[in-house]
There are 2 protein chains.
Amino acid sequence: MIKLAVDAMGGDYAPQSVVEGVKLARNSRDDIEFLLFGDEKQIKPLLKDEKNIKIIHADEVITMEDEPVRAVKRKKNSSLVLAAKAVKDGKADALVSIGNTGALLVASLLIIGRIKGIDRPGFTATMPVMNNDKGFTMVDAGANADAKVTNIEQYALLGKYYSELVGHVNNPRIGLINNGTEADKGDMIHRKMHDALQSMNANGEINFIGNIESRELLNGVADVVVTDGFTGNAVLKAIEGTAMSGLGLLKESIKNGGFKAKLGAFLMKDSLKKMAKKMDYKRYGGAVLLGIKDPVVKGHGNSDAKTVKNCLFNAAEIVKSGYVESAKNHFTKVAETK
Amino acid sequence: MIKLAVDAMGGDYAPQSVVEGVKLARNSRDDIEFLLFGDEKQIKPLLKDEKNIKIIHADEVITMEDEPVRAVKRKKNSSLVLAAKAVKDGKADALVSIGNTGALLVASLLIIGRIKGIDRPGFTATMPVMNNDKGFTMVDAGANADAKVTNIEQYALLGKYYSELVGHVNNPRIGLINNGTEADKGDMIHRKMHDALQSMNANGEINFIGNIESRELLNGVADVVVTDGFTGNAVLKAIEGTAMSGLGLLKESIKNGGFKAKLGAFLMKDSLKKMAKKMDYKRYGGAVLLGIKDPVVKGHGNSDAKTVKNCLFNAAEIVKSGYVESAKNHFTKVAETK
């Protein structure tokens, strides 16, 4: 039985969307036990059937407005802190939240702790790719805006194990986002990052394919895309905004296009739906915080039940995959040879 | 008469696409004289009618593979260097090229020169916005990857004058790309950039609306978007790649969608065309190098004749607008009060 510690009080529609997501997940699988941390009075009425679900009451809630470090240190009985402690104490295998991102990061760092050898954890983002169903995984999607060269080296390794074990990609192609594909492109720090990854490639540690441009991401140019958290965040939001704008533009064109366009859209409905589905990042199971001793999954604050379900399934897959163990082994070996 | 110095030998299909673009432009306007720099033997056969077009022969060509600084210093008789000299000497009002970007940057810096008070020039990019036809202007789109805080202050001012005089935007809203809208967001350098722009706002120098996220760019959240050249480049390429992928996905869905989808697409043709047109960055007249003493416009290397025409018209608009004079005046005044 996989045990997931779920912060039921995070997100814009808490606890409803979280509880509904847990119910969806529970109804379609039997191999997960859900530990739901939050206000029992609010959660219980939402559950008719508590099969494989255990409510652990939490007095306090960390809100989106709370300052992360202070909140985690002071709100000892918050749903997030108690959920993180359950993971730390081995009572659960992974942590899932759609609440305050900064607080989740701090709780993961201070309570669950980093893998030995990792300086700063990084968030993944998994995005669709046009010509296959695997998509690509970006690290760091925004946990660490001021990334140093050593952070990028660690993200490349964490991303490699994640892609191999969770994404089932053989010898994943790792690329660095830069403002040109040539080896000498970029600002000072990205040139250094390129050279460091190049050396790791020469050592056989990773399969580094060199610099990649953000224009090529959705064409599947790499399986793992490493980048500093500032650039990663900006690129992901640009992709998201453009996809949303494109769909909006299409809808508007149809609306203002008269009868012919409306009939056309009706006939094209299945094609358009297929496209919208591919563009829908919600399908992709949230962001995973890599570099922590146990799997931590963060969903969007505005996640609906279906997205919460995807996050929960993703967390379960990560637990089953053995990614954390592989990453730990790697960094332990590295530490021993030094 | 506006005089444009045109590098006829730049770009993937030189000189054909450049000469065709010049012809298109010349055939629809009478107020521009085109000085075409390049190989007379290749250019002349492409021109039946030389009205308002003057060919100035150039022996040499700077290719896409040439190292910019060396090429500009050594290839004294190249089409680019001679065109830049014509601008420097007052024989032309603006420089237009679709060739080697680095070489254009170097030729602009070394031959035409910076506006006094500007440390590093920045490229604009003009992108469409969903709910209006003006779009937004980004500075810097990639001329200066290692931007300092002073560079960003200068981009904000250059962008302001450009948006006011060329884009006809009244009191343009200036935003800084950051990984969150709150004032304390970002890595170290972007937090400092935010604070510097905030001070300029307090002084009444610019209308700074604060941090903006790349997700909101196409929604028209700002008229001028300032950013370091590394982030600007990554964000623009992400937008471009996503738009292209979206259109590709739509085409593919239709192709694989059978008769119904094809009929639907036929009926929706006008709507789809309208969308594709809005997404087509080629309409938007190239990138302008801000901070140089005269207007410099750079088109994509793969520009077709229509895009070259748009670049030429854009250069003519900038000359007419008086943007350069306004920027020069501002920085002269600033220098005098120091």
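Here is how names work: the chains are called A, B, and so on, in the same order as the sequence lines, proteins then strands, and each is numbered from 1.
A side chain to side chain contact (heavy atoms under 4.5 Å, CB included) with Ile212(A) is found for exactly one of Val225(A), Ile174(A), Thr181(A), Asn219(A), namely Val225(A). Leu104(A) pairs with exactly one of Leu289(A), Ile98(A), Leu80(A) by the side chain to side chain contact (heavy atoms under 4.5 Å, CB included) rule, that one being Leu80(A).
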TODO: Begin from the C-alpha positions of Asn211(A) and His190(A) and carry the test side chain to side chain donor-acceptor pair (under 3.5 Å) through to its verdict.
DONE: CA-CA 9 Å; Asn211(A) 289 328; His190(A) 288 90; over 6 Å; no
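Of the two parts of Ser245(B), the backbone and the side chain both hold a non-hydrogen atom closer than 4.5 Å to a non-hydrogen atom of chain A. Contacts between Leu217(A) and chain B at a heavy-atom distance below 4.5 Å are absent for every atom of the residue. Interface remark: Asp270(B) contributes side-chain atoms only to the contact with chain A (heavy atom separation under 4.5 Å). Heavy-atom distances place both the backbone and the side chain of Asn178(B) under 4.5 Å from chain A.
The candidate from Ile177(B), Asn233(B), Asn179(B) with the greatest count of non-hydrogen atom pairs under 4.5 Å with chain A is Asn179(B). Your options are Ala243(A), Ala265(A), Gly264(A), and the one with the most heavy-atom pairs under 4.5 Å with chain B is Gly264(A). Chain A forms more heavy-atom pairs under 4.5 Å with one residue of Ile239(B), Leu247(B), Asn256(B) than with any other, namely Ile239(B). Residue with the most contacts toward chain A among Lys269(B), Glu252(B), Glu216(B), Met188(B): Met188(B) (heavy-atom pairs, distance under 4.5 Å).
In this structure, a donor-acceptor pair under 3.5 Å is absent between the side chains of Asp195(A) and Gln198(A). Asp304(A) and Thr307(A) form a side-chain donor-acceptor contact under 3.5 Å, judged by distance and modelled atom types alone.
Under the 3.5 Å distance criterion, the side-chain polar atoms of Thr231(A) are left unmatched by any main-chain donor or acceptor of Asp228(A).
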